[in-house]
Asks: 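Before anything else, here's the structure in question.
This chain uses plain numbering: 1 for the first residue, then up along the sequence. Quantities reported herein were computed from a predicted structural model and do not represent experimental measurements. Whatever order the structure lists them in is the order used to number ligands and atoms, beginning at 1.
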Amino acid sequence: EKGGWPSFMKKEISEEPEAVAKTLLGRSHDGAVTLPELDSLHDVLGEINRVVVIACGTAAYAGMLGKYAIEAWARIPVDVELSHEFRYRDPVLDGRTLVVSVSQSGETMDTLMAVKYAAQHGARTLSICNTQGSTIPRESDAVLYTHAGPEVAVASTKAFVAQVTALYLLGLHLAQRRGTLDGAHVAAQLTELQNLPDKLDQVVESASSRIAELAHWMSDTQSVLFLGRHVGYPVALEGALKLKELAYIHAEGFAAGELKHGPIALIEPGQIVFVIVPSPRDPSSLHPKVVSNIQEIRARGARVIAIAEIGDVAVVPFADEVIRIPFAAPLFEPLLAVVPLHIFGMELAMAKGLDVDQPRNLAKSVTVE
Ligand code: M6R
């Protein structure tokens, strides 16, 4: 039930902090990850030499973030593939491949068929899913449930942050199992995860009204671009998907480094571009590179809305608007940066008088191929 909220989507965005907290709950002890639901894969997880994440839509963007974390922590190569592409291209699979499906509903036919295909071709399968007892977990060797609670709005929001959280827990579990991170490092990453719900609360609280204003003056906009690098790139893709499905606006997400390979030709005076700016604090940060990308598009007339860390003053002279998020270590920034984009998609749809819970032509779970 909506419980007094104007839409399920607004309610579900407000539940993003809780979705992360509940997905973490009971899954660590004394600074170590504890996932008994993966016990049946214990031997397999020591032997795999590859992970393939399969998913569709928003769940695939969560998968892309999972790739960064699993590769960084567990040093296992990870491919992320759309389920419907994976299934029909004769992929290379064997008993040392772990296929991780990500699905909120657990009923997405494309993903279900891909899981069955992977199992038939000798891979081991793990489902990351938000719906207890649904079909994909039943067809998989093991399941790691996200605990976002029921998601009703067609556009996925709280399930996304819960999926990223579960993938990060999997990354830490693999790192523990394979000895690629020591105990102190695992504990430090867990602390970062555990700090997220409070930071997410801050973002929902602080960003909502300014974004509603921005969405209002943009209600006639025909096209919006989103740029990010590294973990900011999947966030850019997610921001663009939300705008397409909710506000029926042409939107594209790009890896910022790709600009000069083509997309910069799209920039003309007045083009709105959201840029996900990494924290400047980390010495290896891509912050300077993203700021120079902003300068490139600004010089061509783009109107830049930056999503940047509180205290990042370097970005101010180059952006028309800065939406602030609290500091988090680089791998955790996307969980915070995505929230303003979820809010923006919803607010722009509302400003256009559209139904945010039930966008046209879409179903909550896509149970046909
Ligand atoms: O239920 P699933 O997570 O398998 O659904 C996958 C996609 O259909 C879903 O994420 C879709 O892209 C959303 N409408 C995005 O907001």
Asks: For ligand 1, run through the N/O pairs with the protein that fall under 3.5 Å and put one pair on each line.
Replies:
unit_1	atom_1	unit_2	atom_2	d
ligand 1	1 (O)	S105	N	2.9
ligand 1	1 (O)	S105	OG	2.7
ligand 1	1 (O)	T108	OG1	3.4
ligand 1	3 (O)	Q104	N	2.6
ligand 1	4 (O)	S103	OG	2.6
ligand 1	4 (O)	T108	OG1	2.5
ligand 1	10 (O)	T58	N	3.2
ligand 1	12 (O)	T58	N	3.3
ligand 1	14 (N)	V154	O	3.1
ligand 1	14 (N)	E245	OE1	2.9
ligand 1	16 (O)	T58	OG1	3.4
ligand 1	16 (O)	S156	N	2.9
ligand 1	16 (O)	K242	NZ	3.1
ligand 1	16 (O)	E245	OE2	2.4

Asks: Do E321 and R303 meet the salt-bridge criterion of a basic N to acidic O distance under 4.0 Å?
Replies: no
Asks: Could you tell me if K242 and T58 have a donor-acceptor pair between their side chains, going purely by distance under 3.5 Å?
Replies: yes
Asks: Name the one of V143, V52, V115 that satisfies side-chain contact (heavy atoms from CB on, under 4.5 Å) with T125?
Replies: V115
Asks: Give a yes or no on whether a salt bridge exists between E18 and K158, defined as a side-chain N under 4.0 angstrom from a carboxylate O.
Replies: no
Asks: What orientation do F274 and F226 show, parallel under 30°, tilted 30 to 60°, or perpendicular over 60°?
Replies: parallel
Asks: Under a 4.0 Å threshold between the charged nitrogen and the carboxylate oxygen, would E151 count as salt-bridged to K364?
Replies: yes
